[in-house]
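The structure appears right after this line, and notes come after that.
Per chain, numbering begins at 1; letters A, B, ... match sequence-line order.
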Protein chains: 2
Amino acid sequence: MKKEQCEKANVFGKCPFVTTQQLIKGKWAILILHELSDGPVRFKELQRNIDITQATLSSQLKYLEQEGLIKRKVYPEIPPRVEYALTDIGYSFTPVLNEIEKWGMKYIDYLKEKNKEKSVSANS
Amino acid sequence: MKKEQCEKANVFGKCPFVTTQQLIKGKWAILILHELSDGPVRFKELQRNIDITQATLSSQLKYLEQEGLIKRKVYPEIPPRVEYALTDIGYSFTPVLNEIEKWGMKYIDYLKEKNKEKSVSANS
DNA sequence: CGGCATCCTCTTGGATACTG
DNA sequence: CAGTATCCAAGAGGATGCCG
């Protein structure tokens with residue numbers, strides 16, 4: 001794409017990089033999307049899987065729902081049951097998640113190498 | 001990968017998602033990496049391309065250099081000249097950038113559709 | 001040109017307590 | 001179980017001015 005789209009006027013909804021960044025910059029968005037990538041998950045289960053407080057999880061889910069990435073389904077039961085799932089556009093984010101995971105593993109390896117070198121030079 | 005790696009102990013350097021998120025959560029990291037993906041770029045040029053103040057750009061670059069994603073080369077000239085380039089591990093981030101760009105464009109289209117629907121229903 | 005130091009503001013998100 | 005309300009701390013990052 002033309003770089004110009006991202007230059008000067010770095011606006012949400014214009015530049016794909018800025019737009020994506022705005023959506024996933026939060027501490028939890030990527031993790032939540034990843035948790036939902038295998039199918040619907042209940043609120044409580046999400047909270048258990050990710051280490052996050054109720055209040056924070058609640059606000060994050062509300063945000064992601066607003067942006068159209070996830071959908072909320074309420075089952076009229078007692079006790080209440082709410083499931084969260086990816087929307088179509090949310091599901092289409094999967095390739096990004098996969099690349100993030102692959103690169104993350106690569107970077108973790110890189111960190112290990114870096115630490116190894118450091119301890120070697122410290123011993124010399 | 002095993003989800004367990006990301007559960008409970010969400011630590012940088014253990015879970016690939018958390019690790020990557022920590023590195024790119026900032027407002028500028030993705031844009032800077034994208035700008036550098038075609039080869040070395042000077043400080044001033046970066047500042048022109050992205051709309052960012054000197055102080056902020058400087059601290060971002062220092063951060064990315066610390067994390068090993070970019071490297072800094074100083075040319076002993078007058079006036080001074082400093083070029084930034086991707087390291088190997090930084091360059092290997094390119095596939096993530098590509099997916100981010102693709103998805104970002106998809107999401108921008110989605111936003112347009114959403115707005116169209118809204119104005120239609122508003123006129124009915 | 002390519003920074004750094006300082007100050008200051010605004011947002012994110014964690015802790016805690018309460019509700020249907 | 002699945003939230004909401006309130007309060008608060010930390011950090012990101014912008015503005016400005018100075019320096020080699």
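Judged as a ring-ring contact (aromatic ring centres under 6.0 Å, His included), the pairs with a partner in residues 85-107 of chain A (not counting sequence neighbours) are, in order, A:Phe93-B:Trp103, A:Trp103-A:Tyr107, A:Trp103-B:Phe93, A:Tyr107-A:Tyr110.
Of the residues in residues 59-67 of chain A, those placing a heavy atom less than 4.0 Å from an atom of DNA chain C are A:Gln60, in numerical order.
The distance from atom OH of A:Tyr84 to atom C1' of D:dC1 is 11 Å, rounded to the nearest whole Å. Between the CD atom of A:Gln47 and the P atom of C:dA15 there is a distance of 12 Å, given to the nearest Å. One atom, CD of B:Gln21, and another, P of D:dA12, lie 12 Å apart when rounded to the nearest Å. To the nearest angstrom, P of C:dT12 lies 14 Å from CD1 of A:Ile32. Per the geometry, CG belonging to B:Leu57 stands 15 Å off C1' belonging to D:dA12, to the nearest Å. Note: CG (A:Leu31) to P (C:dG13) measures 12 Å, nearest angstrom. Between the P atom of C:dG13 and the CD1 atom of A:Ile50 lies a distance of 12 Å, rounded to the nearest Å. Rounding to whole angstrom units, CD1 of residue A:Ile78 and C1' of D:dG3 are separated by 13 Å.
Of the listed nucleotides (D:dG3, C:dG3, C:dG2), C:dG3 has the atom at the smallest distance from the side chain of B:Arg72. The A:Lys25 side chain lies nearest to C:dT12 when the options are D:dT4, C:dT12, C:dG3. Proximity note for B:Phe43 (side chain, C-beta onward) versus D:dG3, C:dG2, D:dC1: the nearest is C:dG2.
Between the side chain of B:Gln21 and the backbone N or O of A:Lys25 there is at least one donor-acceptor pair closer than 3.5 Å. For the pair A:Ser58 (side chain) and A:Ala55 (backbone), a donor-acceptor distance under 3.5 Å is absent.
Counting only heavy atoms from C-beta outward, the side chains of B:Leu69 and B:Tyr63 never approach each other to under 4.5 Å. In this structure, A:Ile52 and A:Leu31 have side chains that are not in contact, with every pair of non-hydrogen atoms separated by 4.5 Å or more.
The phosphate of D:dC1 has neither OP1 nor OP2 within less than 4.0 Å of any side-chain N or O from A:Arg42. Neither OP1 nor OP2 of C:dG2 sits under 4.0 Å from any side-chain N or O of B:Ser58.
Ion pair B:Arg48/B:Glu45 not flagged as a salt bridge, since none of the NZ, NE, NH1 or NH2 atoms sits closer than 4.0 Å to an Asp/Glu carboxylate oxygen. A salt bridge does not link B:Lys62 with B:Glu65: every distance from a Lys NZ or Arg NE/NH1/NH2 to an Asp or Glu carboxylate oxygen is 4.0 Å or more. Ion pairing of A:Lys116 with A:Glu113 is present here, as a side-chain N (NZ or NE/NH1/NH2) and a carboxylate O approach within less than 4.0 Å.
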Inset, instruction - Going 5' to 3' through nucleotides 14-20 of chain D, assign each nucleotide B (protein heavy atom under 4.0 Å from a base atom), S (under 4.0 Å only from sugar-phosphate atoms) or - (no protein heavy atom that close). - result: BBB---B
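B:Tyr75 comes within 4.0 angstrom of nothing in the nucleic acid, heavy atoms only.
Atom OG1 of A:Thr94 is separated from atom CG of A:Asp38 by 9.5 Å, given to the nearest 0.5 angstrom.
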